[in-house]
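Only this structure's heavy atoms are used, side chains among them; waters, hydrogens and symmetry mates stay out.
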Amino acid sequence: MRNLLLFLQRYTHILLFIVLEIVSLSLLFNYGKMQRSVFFSTTNSFIATIDRLSYDVTSFMSLRDVNKRLERENTKLKLQNEALKASIADSLQTLSPTAMRVYESLVSFPQIEAKVTSNEQRADRLNHLVINKGSDDGVKSGMGVIGGGGVIGIVAEAGANYSLVIPVTNKRSAISCRIRGTNWFGYLVWEGGSKLIAYMDEVPRYAEAKRGMAIETSGYSDIFPPGIFVGNILSAENAPDGQSLRLTIHLGTDFSNLRNVSVVKNTFRSQIDTLRNHAAFNEGLLDK
């Protein structure tokens, strides 16, 4: 108690000065409108500055936790990516040689998945399919259609939501094909009867065509990429013209039981059409 009294006695003037300052400032800010406005404005600015500094410090201190969380997420994504790569590699290893060829052929060709909603078999052999994807889905006339067994046909007309497909089992169908592993080409046609049997015409007589050899798309058109499986050779005979071979082909697709198909989009078709238009224009100039 004695020390407190000594402290108050020693600093009486200073303490009195502080008290008087507090009282003066209180009277000034309470009864002076301008001073009170300046005080509150300064106080609010000071408090806002303190809050901002506090937020910045808190945010900075939390960056360590954020970085750790991001590192964990990044590691998790890397592990998932590696697992996905391994899964794809395992899947490719289990594919048959035919499926591998189809996969490799279609890597750079986007596909539109569709379902067959109608599979009409006509007596006049002008069979056709209807699929549940149309122009609103990106399907256009002239696009190729494939399935699990290989080539199915070509889109003839595309409506907004449905499209008409001319299958291989249509007497007007003619698809450029080749004997796999060779440069022997011909055209695949269907003449009625079994939907598993078609013929490959205009194959050179000197071509090596043996039973069991695979037939695939040639890639000579802008409809199908090369290497899409069509079927296997059953037999080879001389064509009626005596200048070529006619191959009997067992088709890889069961056209009596179609459900899921894919429409192949050729991303290079616009470039090919442009070149063709230029060629036709140049030929017109030469004719003149």
Side-chain angles (χ1 to χ4, degrees), residues 96-109 111 125 127 141-156 165-253 255 261-269 271-273 275-276 279-280 283:
S96 65
T98 296
M100 273 295 297
R101 284 180 177 270
V102 172
Y103 173 82
E104 293 170 354
S105 299
L106 294 173
V107 166
S108 58
F109 289 81
Q111 300 174 53
R125 296 178 293 160
N127 305 324
S141 174
M143 287 184 172
V145 182
I146 63 173
V151 172
I152 289 176
I154 301 172
V155 175
V165 177
I166 300 300
V168 169
T169 54
N170 182 301
K171 70 177 184 180
R172 294 179 180 172
S173 173
I175 297 175
S176 177
C177 299
R178 69 184 177 192
I179 302 174
R180 177 172 292 168
T182 73
N183 291 320
W184 312 125
F185 301 90
Y187 289 91
L188 187 75
V189 297
W190 182 75
E191 295 183 347
S194 173
K195 296 178 181 63
L196 291 175
I197 302 298
Y199 301 93
M200 185 170 167
D201 289 334
E202 299 185 24
V203 180
R205 284 190 63 183
Y206 48 83
E208 295 182 4
K210 299 179 181 179
R211 181 182 176 87
M213 296 180 73
I215 301 299
E216 62 186 14
T217 53
S218 64
Y220 274 6
S221 70
D222 56 4
I223 298 175
F224 295 102
I228 303 300
F229 182 69
V230 174
N232 296 100
I233 298 176
L234 288 178
S235 63
E237 301 175 352
N238 289 329
D241 61 9
Q243 303 298 317
S244 61
L245 292 177
R246 160 167 272 210
L247 309 182
T248 303
I249 309 299
H250 184 274
L251 298 174
T253 300
F255 286 89
V261 299
S262 298
V263 182
V264 181
K265 298 176 65 176
N266 190 340
T267 55
F268 307 107
R269 186 167 187 174
Q271 299 180 34
I272 296 172
D273 290 341
L275 292 173
R276 286 175 176 170
E283 288 177 359

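Residues F224 and V151 share a closest heavy-atom pair of CZ-CG1, 3.7 Å. When all heavy atoms are compared, the tightest approach of A156 to I166 is CB-CG1, 3.6 Å. Heavy atoms only, all atoms of each residue included: I215 and C177 are closest at CG2-CB, 3.7 Å. The two residues P167 and V165 make their nearest non-hydrogen contact at CD-O, 3.3 Å.
Counting only heavy atoms from C-beta outward, the side chains of I197 and L251 never approach each other to under 4.5 Å. Contact annotation: the side chain of R178 approaches that of E216 to within less than 4.5 Å [non-hydrogen atoms, C-beta and beyond]. The closest side-chain heavy-atom distance from N127 to W190 is below 4.5 Å. At least one side-chain heavy atom of I249 sits less than 4.5 Å from a side-chain heavy atom of I233.
In this structure F185 satisfies the ring-ring contact (aromatic ring centres under 6.0 Å, His included) test together with Y220, sequence neighbours excluded.
Expressed to the nearest 0.5 Å, how far CE of M200 lies from CG of L245 amounts to 10.0 Å. With rounding to the nearest 0.5 angstrom, the CD1 atom of I152 is 10.0 Å from the OG1 atom of T169. For the atom pair CZ of F255 and CG of L196, the computed distance is 9.0 Å after rounding to the nearest 0.5 Å.
Listed for the T217 side chain is a donor-acceptor partner under 3.5 Å among the backbone atoms of I228.
For residues 198-211, every residue pair satisfying the side chain to side chain donor-acceptor pair (under 3.5 Å) rule, not counting sequence neighbours, is listed here: D201-R246.
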